[in-house]
**Q** 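Take a look at the following structure, please.
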Amino acid sequence: MPVIETVNLTKYYGKLLALSNLNLTVEEGDCVGYLGPNGAGKTTTIKLLCNLIRPSKGEAYINGINVRKHPDKALKHVGAIVEVPGFYPYLTAKEHLEFLGRLRGIPLNEIRQRIREVLELVGLGECINRKVGTFSRGMLQRLAIAQALIHDPDILILDEPAIGLDPRGMHEIREIIKMLHRKEKKTIFLSSHLLYEVEQICEKVALLNKGVLLAYDKISNLEKILKHSVVEAALVEPPSGGQLEQIKELEFVQKYDISPDGKTLYIHVLGGEEARYQLLKSLIDLGLKISSFKSSETLEQIYLELVKESA
Amino acid sequence: MAGAVEELKKMAIVVRYEILKHLRRKRIYVAITVFMLTALACVLVPAYFNAPMPPDARTFGANYVNFLGILELMTIICGTFFVGDAIASEFEHKTAFISFINPVKREVIVLGKYIAAFLPVALALSLYYLVGAVAMYTSYNEISVRFIMSYLLELLYLASVIAFTMLFSSLFKRGILASILSFILLFLVFPIISFILVFAGIYPIAVLTFAGQIVTEIFMDYPMMEEIYTGHFTFRLYHPMLIDSIISMLAYVVVSLVISTIVVKFKEV
């Protein structure tokens, strides 16, 4: 049974179609990145999953329970961050988590231990008794993660969890999410517009644009649908003019760019894995001294290609 | 049954943390200070100037409850400005994103916030009545039954004002708008409506502020209607009757809370 399932989930805001017939299933233990540009319908989906808004059509299920009909039961094992949530400025971090934990039925003696654990985990251990009104944006985002984890949920629904954090904070949060998924085997549904973030954390990705699901698969499978990819080849010494002419003539090469120092080639390759393998072989045959060879920003290309096609 | 107990426990948690909010926001201390200063002024100033004491405990109670009209004013001010942002701020400041995603019925949150807004103001009012009761007992060796009735009716009036404001707090996304609108309605619009209805010869018991006058009028045995001949025309003066007032105020509590919970239940965040 899928942990998260949407069936023809549709949402209109007035006449504006925000989400169109979304059919998505997330299995237990999956870590799914939900990608899309601003206004794609990511937050709308998350709000529907958390029963914050009602669908115009279709249904959402968590652990097989209809979210709209039985929100209490459906959301019992869910921890969520929706947008940038607000907190009560007059309560401390501890009081917030105590309040939310008690609402979820955690006994008081267990809550206190758990509060320390989650605040330490998100790096707010020293701010436990500080009023939230004095927190910075980044600290609030960390607290948002802490509140999603307070009841040790099996399912995490996270809407841009690293938003508002500095690069170090973003890295820390990514590591926490990775740990929650890999070590604690939590099911994670994470929306983001940061491709790098999704690539780092998730195995599967759902791509959304203008409320329509464009693709949903493992990242490795999605790479296969690419019509072309960009390969970055770092060279020990710049290629000669003759070698560049020959590169242009190679079977899979669409075009290439070269860095100002001439030691990095960006080659647009037509095709997937097999084409890249043939290209590497050909470049070596041409006598180029290659120190590294990698496919750059694959997910971004998949994403841009699919979005372009759907436009 | 077990489910209902669970919901009541959750409501108690909401009440607890909402009260903490009121205590930390310090408005309640201002309200208590105003009530205490008024109470002491009412008791001590006549004593200081050796003014003659009212003939009996009931008259003392009537004077005390009517003093400066502070009770009516403070009930409306506290009732509206303690509650205006109770629900609206959940949407305005996006705290609904942490409170509404919990497995808690939204009606539980609404009722919890309602009770939490009522209790601190009720405490301030109770202190005001307590000072009056102590002064009354000291001077007359008794507590007037009408004074106790006035206190209970005042609590009911407060409950209805808070429920009425809660309704606006549920409807709007800005707390200050809910507070100001309900304040204007209660302080200005409702009295005008009462006045117009009286002129039209209609008993305005459906108007909350008119029903709330029972808090001060309970000390007198007024008839429902008096006809006063001014020399040019006959003017009808209405007084709220006890049972009618209780029904009217209870109706405001029930209807406002029912609508509030329905609105919040279906409101999108």
Side-chain angles (χ1 to χ4, degrees), chain A residues 11 13 43-44 46-56 62 65 67-68 70-92 95-106 108 111 131-133 140 143-144 146-148 150-151 153 157 159, chain B residues 2-29 82 85-109 111-113 116 120 173-175 262-269:
Chain A
K11 179 66 185 175
Y13 293 112
T43 300
T44 296
I46 284 181
K47 284 183 176 179
L48 287 164
L49 288 173
C50 293
N51 193 42
L52 291 170
I53 55 175
R54 286 183 310 282
S56 308
I62 291 178
I65 302 164
V67 173
R68 194 169 54 88
H70 308 288
D72 303 1
K73 285 182 189 168
L75 295 173
K76 196 170 181 185
H77 302 289
V78 173
I81 300 177
V82 186
E83 288 188 7
V84 180
F87 290 91
Y88 306 105
Y90 44 83
L91 293 183
T92 65
E95 286 163 348
H96 265 98
L97 298 179
E98 213 172 81
F99 170 52
L100 298 170
R102 289 184 72 186
L103 278 183
R104 286 188 173 270
I106 309 171
L108 203 55
I111 291 179
K131 279 192 191 158
V132 165
L140 289 173
L143 185 60
Q147 66 79 30
I150 188 67
H151 53 296
I157 297 177
D159 187 11
Chain B
V5 171
E6 200 57 38
E7 296 305 326
L8 282 175
K9 278 185 188 170
K10 287 177 183 176
M11 197 185 292
I13 294 164
V14 174
V15 171
R16 188 190 151 165
Y17 286 89
E18 273 292 304
I19 286 180
L20 196 58
K21 171 181 98 176
H22 292 303
L23 295 178
R24 297 252 168 96
R25 288 207 300 192
K26 300 184 176 69
R27 288 179 195 177
I28 184 63
Y29 304 114
F82 268 72
D85 64 351
I87 300 294
S89 70
E90 290 283 333
F91 297 89
E92 187 178 0
H93 302 301
K94 296 188 174 183
T95 45
F97 288 150
I98 60 164
S99 56
F100 286 7
I101 57 170
N102 287 293
V104 182
K105 289 187 168 62
R106 290 191 186 180
E107 43 270 47
V108 167
I109 294 176
L111 291 175
K113 281 174 175 278
K173 283 195 172 178
R174 296 186 75 84
I262 292 170
V263 168
V264 174
K265 193 174 170 69
F266 292 99
K267 198 166 183 174
E268 298 200 330
V269 186

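What you see is a predicted model, and the numbers here were worked out from it, not measured in a lab.
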**Q** Working to the nearest 0.5 Å, report the span between CD of A/Gln147 and CD1 of B/Ile98.
**A** 6.0 Å
**Q** Heavy-atom count check: over 12 atoms from other residues, nucleotides or ligands less than 6.0 Å from A/Lys76 NZ?
**A** no
**Q** Less than 4.5 Å to any heavy atom of chain A: does that hold for the side chain of B/Lys9, its backbone, both, or neither?
**A**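 For B/Lys9, no heavy atom lies under 4.5 Å from chain A.
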**Q** With a 4.5 angstrom heavy-atom cut-off, is it the side chain or the backbone of A/Val84 that approaches chain B, or both, or neither?
**A**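 For A/Val84, the backbone is the part near chain B, not the side chain.
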**Q** Please report the shortest heavy-atom distance between B/Val269 and A/Ile53, naming the atom on each side.
**A**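 That would be O-CG2, 3.7 Å.
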**Q** At a heavy-atom separation under 4.5 Å, does A/Lys73 approach chain B through its side chain, its backbone, both, or neither?
**A** neither
**Q** How long is the span from the CG atom in A/Leu91 to the NZ atom in B/Lys21, to the nearest 0.5 Å?
**A** 9.5 Å
**Q** For residues A/Leu103 and B/Asn102, report the shortest heavy-atom separation together with the two atoms involved.
**A** CD1-ND2, 4.4 Å
**Q** Please find the pair of heavy atoms, one from B/Ile101 and one from A/Arg104, that lie closest to each other, and give the distance.
**A**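 That closest heavy-atom pairing would be O-NH2, 3.2 Å.
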**Q** So, taking the atom named CG in A/Leu75 and the one named CZ in B/Phe100, what distance separates them when rounded to the nearest 0.5 Å?
**A**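 Answer for the CG-CZ pair, A/Leu75 versus B/Phe100, is 13.0 Å.
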**Q** Using non-hydrogen atoms and a 4.5 Å limit, figure out which bit of A/His96 sits close to chain B: side chain, backbone, both or neither.
**A**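 Contact with chain B is through the side chain of A/His96 alone.
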**Q** Please classify the contact of B/Val108 with chain A as side chain, backbone, both or neither, using a heavy-atom distance under 4.5 Å.
**A** neither
**Q** Between CG of A/Asp72 and CD of B/Glu7, what distance do you get to the nearest 0.5 Å?
**A**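 Between atom CG of A/Asp72 and atom CD of B/Glu7 there are 6.0 Å.
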**Q** If the condition is side-chain contact (heavy atoms from CB on, under 4.5 Å), which residues does B/Glu92 pass it with, not counting sequence neighbours?
**A**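 Scan of B/Glu92 (side-chain contact (heavy atoms from CB on, under 4.5 Å), adjacent residues dropped) gives B/Arg174.
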**Q** If you look at every heavy atom in B/Arg106 and A/Asn51, which pair is closest and at what distance?
**A** NH2-O, 3.2 Å
**Q** Which pair of heavy atoms, one from B/Glu268 and one from A/Arg54, lies closest together, and at what distance?
**A** OE2-N, 2.9 Å
**Q** Let's test your reading of the structure: which of B/Glu6, B/Arg25, B/Arg16 forms the most heavy-atom pairs below 4.5 Å with chain A?
**A**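 Max contact count across the listed options: B/Arg16.
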**Q** Could you tell me which residues satisfy side chain to side chain donor-acceptor pair (under 3.5 Å) with B/Glu90, sequence neighbours excluded, listed by chain and number?
**A** A/Tyr88, B/Thr95, B/Ser99, B/Lys113
**Q** So which heavy atom on B/Arg24 is nearest to which on A/Tyr90, and how close?
**A** NH1-O, 2.7 Å
